[in-house]
Number of protein chains: 2
Amino acid sequence: MATIYDVAERAGVSLATVSRVMNKNTNVGEKTKQKVLAAMAELDYRPNTFAQSLASNSSNSIGVLVSQLDGPYYGPMMAEIESALRATNKHVIIAVGHSVAEQEIDSVEFLLGRGCDALILDVEAVSDEYLIELSQGATPIVLINRYISDISDRCIYLDNELGGYLATRHVLELGHRDIAYVSGPKRKHDAVERLEGHKKALAEFDVPYKASLCVEGDYKEDGGVVAMEQLLDSAQRFTAVVCANDQMVSGAISVCLERGLKVPGDLSFVGYDNIPFARYISPKLTTVNNPIHEMGKMAALWLLKNIYKNDQLEVTNVFVPELVVRGSARRPGNK
Amino acid sequence: MATIYDVAERAGVSLATVSRVMNKNTNVGEKTKQKVLAAMAELDYRPNTFAQSLASNSSNSIGVLVSQLDGPYYGPMMAEIESALRATNKHVIIAVGHSVAEQEIDSVEFLLGRGCDALILDVEAVSDEYLIELSQGATPIVLINRYISDISDRCIYLDNELGGYLATRHVLELGHRDIAYVSGPKRKHDAVERLEGHKKALAEFDVPYKASLCVEGDYKEDGGVVAMEQLLDSAQRFTAVVCANDQMVSGAISVCLERGLKVPGDLSFVGYDNIPFARYISPKLTTVNNPIHEMGKMAALWLLKNIYKNDQLEVTNVFVPELVVRGSARRPGNK
DNA sequence: GACTTATGGCTACCATTTACGACGTTGCAG
DNA sequence: CTGCAACGTCGTAAATGGTAGCCATAAGTC
């Protein structure tokens with residue numbers, strides 16, 4: 001592999017000049033620049049990234065820590081991050097935290113140890129304090145899906161409470177009054193925020209919140225199954241179910257269909273996230289759109305702007321969810 | 001940040017000894033070893049990865065190139081790769097090829113330029129020749145989802161033809177004789193292999209293959225929608241539809257339901273891949289299991305074994321698909 | 001006393017970046 | 001017209017933080 005020395009020799013210049021040609025084009029004469037470029041091409045020279053990183057103390061790599069890689073949620077986000085970053089020749093190192101504090105911290109250390117220039121974090125278990133302290137370290141971080149007021153400018157997040165509100169308001173407006181709610185795990189921030197929105201909507205319509213109609217799921221399909229069985233077996237009256245994400249809705253609906261209940265004839269459903277499958281399951285899901293891929297892209301842009309000093313980039317921190325009305329919810333008693 | 005020199009000084013030993021402690025534990029006394037370890041802990045010393053990479057010319061990083069990041073398919077694979085590799089302190093750099101030859105090659109170059117120790121590739125557009133040549137380069141590669149006889153030991157793949165065969169045989173055994181097939185894009189290897197299996201099953205049951213009953217989709221939900229509409233509008237008779245993947249099944253079923261057709265009453269469906277959602281959509285999908293996550297894990301193990309010389313690891317190259325019978329296919333005429 | 005084991009001390013090497021300084025040219029003021 | 005400062009252009013050499021190999025030395029073992 002050709003080194004910068006070879007290029008310098010071939011071009012008849014010093015290695016510093018070659019380096020200058022590669023980096024900032026400042027102060028290098030046009031003629032020599034062409035000579036150097038020609039020499040690089042002839043030798044098929046590629047700078048050694050290791051040496052570059054060592055000397056410049058920057059790796060052009062971004063660590064991305066997500067909670068999980070499978071599931072319909074993080075793929076689109078990762079895809080956006082990758083493409084935005086790659087376009088500027090940065091690369092992405094991934095790690096998974098599994099929503100467990102210890103593993104999240106471990107992953108952060110891992111990424112830091114790898115010399116990432118910055119971190120994009122989607123973490124749930126770790127404390128606000130930890131993140132605040134981390135943000136004061138040498139390596140910049142940006143948070144996806146989480147809002148911490150002390151470092152709000154580094155947070156890219158969705159207004160989850162509004163989303164929860166919109167979902168429940170929709171069924172209220174359709175006329176439902178007995179509404180069950182399948183929450184995400186209460187230890188997750190977005191789960192409690194969505195639930196808050198739900199309560200807010202109920203209050204607005206003067207419908208009392210009943211704890212017995214709210215069951216905690218795990219954000220997975222199985223969680224929806226279990227929650228729905230529990231709800232149905234409790235023999236409580238309800239005509240609509242709002243779920244904190246689409247995966248749980250699909251699990252819940254599958255239980256209903258198995259028991260011969262019609263959806264949305266007997267029971268209306270509203271989901272959350274608008275995952276790709278939401279429009280292909282039957283009935284098509286009425287849900288709240290979660291622009292997770294845009295948030296991923298925005299996180300990448302934030303970095304480009306703040307770390308690599310690429311200005312003229314507009315960054316939005318907070319995203320607003322929107323209701324997507326499809327076929328899984330309708331008026332009560334309308335069979 | 002503390003350097004190896006600081007550690008040596010603090011521990012009162014030489015730099016060489018520190019290096020010995022970190023790498024191979026050869027010939028270093030227990031007492032001094034403890035001193036060094038203590039000094040490292042006190043100084044919170046972490047070896048500078050850039051310098052390590054430069055000096056050793058190995059980065060402990062693996063490049064993973066997939067076709068896409070969204071969709072239900074690659075997430076589980078990536079998850080397995082990440083966890084297997086991380087357990088041994090390697091890290092994963094991702095890139096996306098989008099099934100376009102130019103982008104795939106570009107991504108390979110990108111990964112190579114990043115100094116990856118090895119590459120895991122899931123590529124579709126690039127030629128066999130390119131991959132064979134690549135495999136002879138300095139950086140080892142392993143292929144997922146593709147079989148090339150010249151480099152078969154570096155291929156981790158599924159017997160797609162068998163899978164296609166199993167899917168179609170299932171509906172044949174149920175009594176169907178008029179069977180439509182929604183293929184994946186013909187430019188993809190697995191798509192043509194699956195179709196081959198389909199034809200083989202037909203032949204075995206003496207059912208002639210009709211090209212008019214076979215339409216090409218794009219492996220996405222929308223492709224299933226379009227294909228199904230085309231099939232239905234063609235006014236041909238068929239009682240079962242075999243789709244080359246689950247995403248297209250879900251699109252196809254949604255069309256049927258919209259048109260008032262009962263599934264599986266009027267039309268039976270069999271899918272392929274057994275994506276997580278397959279069991280939660282209604283009806284639950286009968287499909288062919290594709291152990292993609294195991295294949296990801298196996299690719300990682302292959303690397304550990306072959307690159308990092310971690311022996312005593314068993315590697316399987318070819319995986320066999322299995323039929324998963326659920327509720328989307330039943331006897332014809334059984335309403 | 002020969003042999004082994006543990007350790008230190010050097011040095012070469014890896015491929016860059018970057019601070020510093022040298023050199024020649026230019027423009028402007030005296 | 002000349003002297004000098006400023007500037008653009010380039011080279012030199014010192015970091016950067018490790019790895020790895022060699023040889024010397026010391027201590028312990030049979």
Side-chain angles (χ1 to χ4, degrees), chain A residues 1-40 43-61 89 112-117 138-139 308-309, chain B residues 1-40 43-61 89 112-117 138-139 308-309:
Chain A
M1 202 60 195
T3 74
I4 196 171
Y5 290 92
D6 303 329
V7 176
E9 193 182 351
R10 177 130 193 165
V13 300
S14 81
L15 70 176
T17 304
V18 179
S19 178
R20 274 186 277 254
V21 170
M22 290 192 296
N23 304 322
K24 55 253 175 171
N25 293 6
T26 88
N27 296 344
V28 38
E30 186 58 30
K31 210 177 57 190
T32 35
K33 184 173 167 183
Q34 291 310 325
K35 273 196 303 188
V36 171
L37 259 16
M40 297 203 307
L43 294 171
D44 189 27
Y45 166 73
R46 298 161 203 218
N48 180 308
T49 12
F50 305 149
Q52 273 181 321
S53 295
L54 177 61
S56 66
N57 197 33
S58 120
S59 61
N60 277 320
S61 73
N89 222 37
L112 253 20
R114 287 294 169 178
C116 294
D117 290 347
T139 307
Y308 300 114
K309 307 300 174 200
Chain B
M1 202 61 193
T3 72
I4 195 172
Y5 294 91
D6 302 330
V7 175
E9 192 181 354
R10 176 125 191 171
V13 301
S14 80
L15 179 167
T17 305
V18 178
S19 180
R20 275 187 273 253
V21 170
M22 289 195 297
N23 304 322
K24 57 246 173 174
N25 292 8
T26 84
N27 297 345
V28 40
E30 188 58 30
K31 210 178 58 190
T32 36
K33 186 172 167 182
Q34 291 310 323
K35 273 197 304 186
V36 172
L37 259 17
M40 296 203 309
L43 294 171
D44 191 26
Y45 168 72
R46 301 162 202 216
N48 181 309
T49 19
F50 305 150
Q52 274 181 319
S53 295
L54 179 61
S56 65
N57 197 33
S58 124
S59 62
N60 276 321
S61 72
N89 221 38
L112 252 20
R114 287 296 169 178
C116 294
D117 290 347
T139 308
Y308 300 114
K309 306 302 173 197

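Since the model is a prediction, treat every value here as computed from it, not as a measurement. The chains referred to below are lettered A, B, ... by the order of the sequence lines, with proteins before strands, and numbering in each begins at 1.
Annotation: proximity of residues 46-56 of chain B to DNA chain C (heavy atom, distance under 4.0 Å) is found for B:Leu54, B:Ala55, numbered in ascending order.
Between C:dG8, D:dG17, C:dT16, one nucleotide has an atom nearer to the side chain of B:Ser14 than all others, and that is C:dG8. Set against D:dC10, C:dA15, D:dG21, the side chain of B:Ala16 has D:dG21 as its closest nucleotide. Checking C:dG8, D:dG11, D:dG18 against every side-chain atom of B:Tyr5, the shortest atom distance belongs to D:dG18.
Within the 4.0 Å cut-off from OP1 or OP2 of C:dT17, at least one side-chain nitrogen or oxygen of A:Ser19 is found. Contact check, A:Thr32 against D:dC10: a side-chain N or O comes under 4.0 Å of OP1 or OP2.
For the pair A:Arg20 CZ and D:dT12 P, the interatomic distance rounds to 11 Å; values are reported in whole Å. Distance CE (A:Met22) to C1' (C:dT16): 7 Å, rounded to an integer number of Å. We find that CD of A:Gln34 is positioned 14 Å from P of D:dT9, with the value rounded to whole Å. The nearest whole Å value for the distance from the CG atom in B:Leu15 to the P atom in C:dC10 is 11 Å.
Qualifying side-chain contact (heavy atoms from CB on, under 4.5 Å) partners for B:Asn89, counting only residues two or more places apart in sequence or in other chains: A:Phe110, A:Arg114. In terms of the side chain to side chain donor-acceptor pair (under 3.5 Å) criterion, residue partners of A:Ser14 (sequence neighbours excluded) are, by chain and number, A:Thr17.
Nucleic acid contact class of B:Gly12 (heavy atoms, under 4.0 Å, all strands): sugar-phosphate only.
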